[in-house]
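For reference, the structure discussed in these notes is given below.
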There are 2 protein chains.
Amino acid sequence: MNASLPQPKNTFRNLPPEKQERIIAVALAEFAASGYRSASLNNVVKRSEIAKGSLYQYFANKEALFLHIFERFTEVVKAVTREAVASVAAADFFAQLEAILFAGIRFIDEHPDYFQIYLRVLFEQEVPQREALVARLRLFPLEYLGPLYAAGQRRGDIRTDVAPATAVFIVDATLERFLQAYARPYLDSGLGLAASDAQQLRMAVTTVIKVLRDGLSPR
Amino acid sequence: MNASLPQPKNTFRNLPPEKQERIIAVALAEFAASGYRSASLNNVVKRSEIAKGSLYQYFANKEALFLHIFERFTEVVKAVTREAVASVAAADFFAQLEAILFAGIRFIDEHPDYFQIYLRVLFEQEVPQREALVARLRLFPLEYLGPLYAAGQRRGDIRTDVAPATAVFIVDATLERFLQAYARPYLDSGLGLAASDAQQLRMAVTTVIKVLRDGLSPR
DNA sequence: GCGTAATGTGACCAGCTGGTCATATTATGA
DNA sequence: TCATAATATGACCAGCTGGTCACATTACGC
């Protein structure tokens, strides 16, 4: 079931950390810019100033390099999600949603290349183990959303006359699409996030959450 | 503003229609399978059994071929949308949404390659005129959704104490995500559309629409 | 200082890419 | 019948790809 994690070779682990980081940073940028299949290892070695042969001493092949980077990505998402949820454990469900959405925005601001890779992986068929990668990545936000929803219902934040799985689906779709629209303005149907300053962006977040609350809280 | 439409050359128009269709079908499959940058014109000429040079007598270059196919795609979407909306002009807003969703499902069933290309274009940077293409394509569903929503409000189907632009955003995100989940089961968070038979799928559609109705109709 | 193991290197490989072009084939019209 | 124009063709091009490998350089233990 679990996708095999391809470790970098020991040679890579023995490298000075700053050299490791340089290589990872370059490869990350390359995959973000070109996706998996079109990413060029020649570019990677040129830009990180190592020899072609060296790259293959560090990673078995293109796939291993990509999977290693995606693995790091997953770890960051895990950490960010855990932290975001923990910081609002006491709040009501919709305040929690708002915090998650802000965490997503911060993630995009801080790790645009990771988000870019995510968007590409979503629909690029050649990505190795694509379905497993996407599933594993989305697991973390999602496995929080369900329990939070259930807790919210118990707490009385959320109406009980609505199918929970479907409601969670809609919430998830809304949050994810909001983040996509934030990162890709051409997906933004009518919210005008692109032209937003920080103030207007906060306002848009608040409004989305408010509509969800209006629709989902007990009447 | 308007993206230039690259016509195929006259040589292509003069071809027997079945030959035209053969070439288009092969190219469509190739772009669907490999996206823009990785799509291989050598594959296209091989599979459609024409010479490399002939392809370049029909289309100026790869970009022109791709844009022509996307243009056809857009026309189909236009037609399908118009028809779906016209057929439920009299219904209430949520019945209209349901019809649109079913139309989307039918579209995916009938034109899986077009939908595949759409998903790829969404996030593949190298696609020529990507933003314009996506914008032009999404325009049609979207320019219907807004007015339908407004009409629904006037008719009393929809509560008036909720920001319309944001509500439309959520509805759009939900419908689009539903279709993506239908086509790409790994995106389906908890609805189980993949394992569905036709009956269960209809049920899932009904449920999603019901939750939207519960949330958006006047209380 | 020396032998050995680990690491670094870039020329090289086959196979592919989008695109070109001289030439061969066919259709047209008088 | 024949000249001319339109179309079909595939060998060819430079440039790229992921990956390999024989060899040079460095590090390490004695």
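Chain letters run A, B, ... following the sequence lines, proteins first, then strands; residues in each count from 1.
Atoms CG (A/N61) and C1' (D/dT17) sit 14 Å apart, rounded to a whole Å. What separates CG of A/L65 from C1' of D/dT17 is a distance of 15 Å, to the nearest Å. Residue B/R37 contributes atom CZ, which lies 11 Å from atom C1' of C/dT17 at whole-angstrom precision. We find that CD1 of B/I50 is positioned 14 Å from P of C/dG19, with the value rounded to whole Å. At whole-Å resolution of the value, NZ in B/K46 and C1' in D/dA8 are 19 Å apart. Atom NZ of A/K9 is separated from atom C1' of D/dT20 by 11 Å (rounded to the nearest Å). Separating the CD atom of B/Q57 from the C1' atom of C/dA22 is a distance of 13 Å, rounded to the nearest angstrom. When the C1' atom of D/dC21 is taken as reference, atom OH of A/Y56 falls 13 Å away, rounded to whole Å.
Nucleic acid contact for A/F12: none, since no nucleic acid atom lies under 4.0 Å from a heavy atom of the residue. Contact annotation for A/F59: no contact, since no heavy-atom pair falls under 4.0 Å across all strands. Within the 4.0 angstrom heavy-atom criterion, only backbone atoms of the sugar-phosphate kind lie near A/A39; the bases stay farther away.
Listed nucleotides: D/dT17, D/dA8, C/dT7. Nearest to the side chain of A/N42: D/dT17. When each of C/dG8, D/dG10, C/dG18 is scored by its nearest atom to the side-chain atoms of B/A51, the top-ranked nucleotide is D/dG10. Checked against C/dG8, D/dG18, D/dA8, the side chain of B/K19 finds its nearest nucleotide in D/dA8. The B/L41 side chain lies nearest to C/dG18 when the options are C/dG18, C/dT17, D/dG18. Of all nucleotides listed (C/dG19, C/dG8, D/dT9), C/dG8 comes nearest to the side chain of A/L15.
Between A/A60 and A/E30, the one whose closest nucleotide on DNA chain D sits nearer the 5' end is A/E30. Checking B/S54 against A/K52, the closest nucleotide of DNA chain C that is more toward the 5' end is the one next to A/K52.
Outside the 6.0 Å centre-distance limit, the rings of B/F115 and B/F107 are not counted as a close aromatic pair.
Taking 4.0 Å as the cut-off between side-chain N and carboxylate O, B/E63 and B/R130 do not count as a salt-bridged pair.
A perpendicular orientation is assigned to the rings of B/F70 and B/F73, their planes being inclined by more than 60° (bins at 30° and 60°).
Of the side-chain N and O atoms in A/N14, one or more sit less than 4.0 angstrom from OP1 or OP2 of C/dT7. Considering only side-chain N and O atoms, B/Y58 lies nowhere under 4.0 angstrom from the phosphate OP1 or OP2 of D/dT7.
Defined by atom type and a distance below 3.5 Å, a donor-acceptor pair is present between the side-chain atoms of A/Q116 and A/R184. Using modelled atom types, one finds a donor on one side chain and an acceptor on the other under 3.5 Å when comparing B/R13 with B/Q7.
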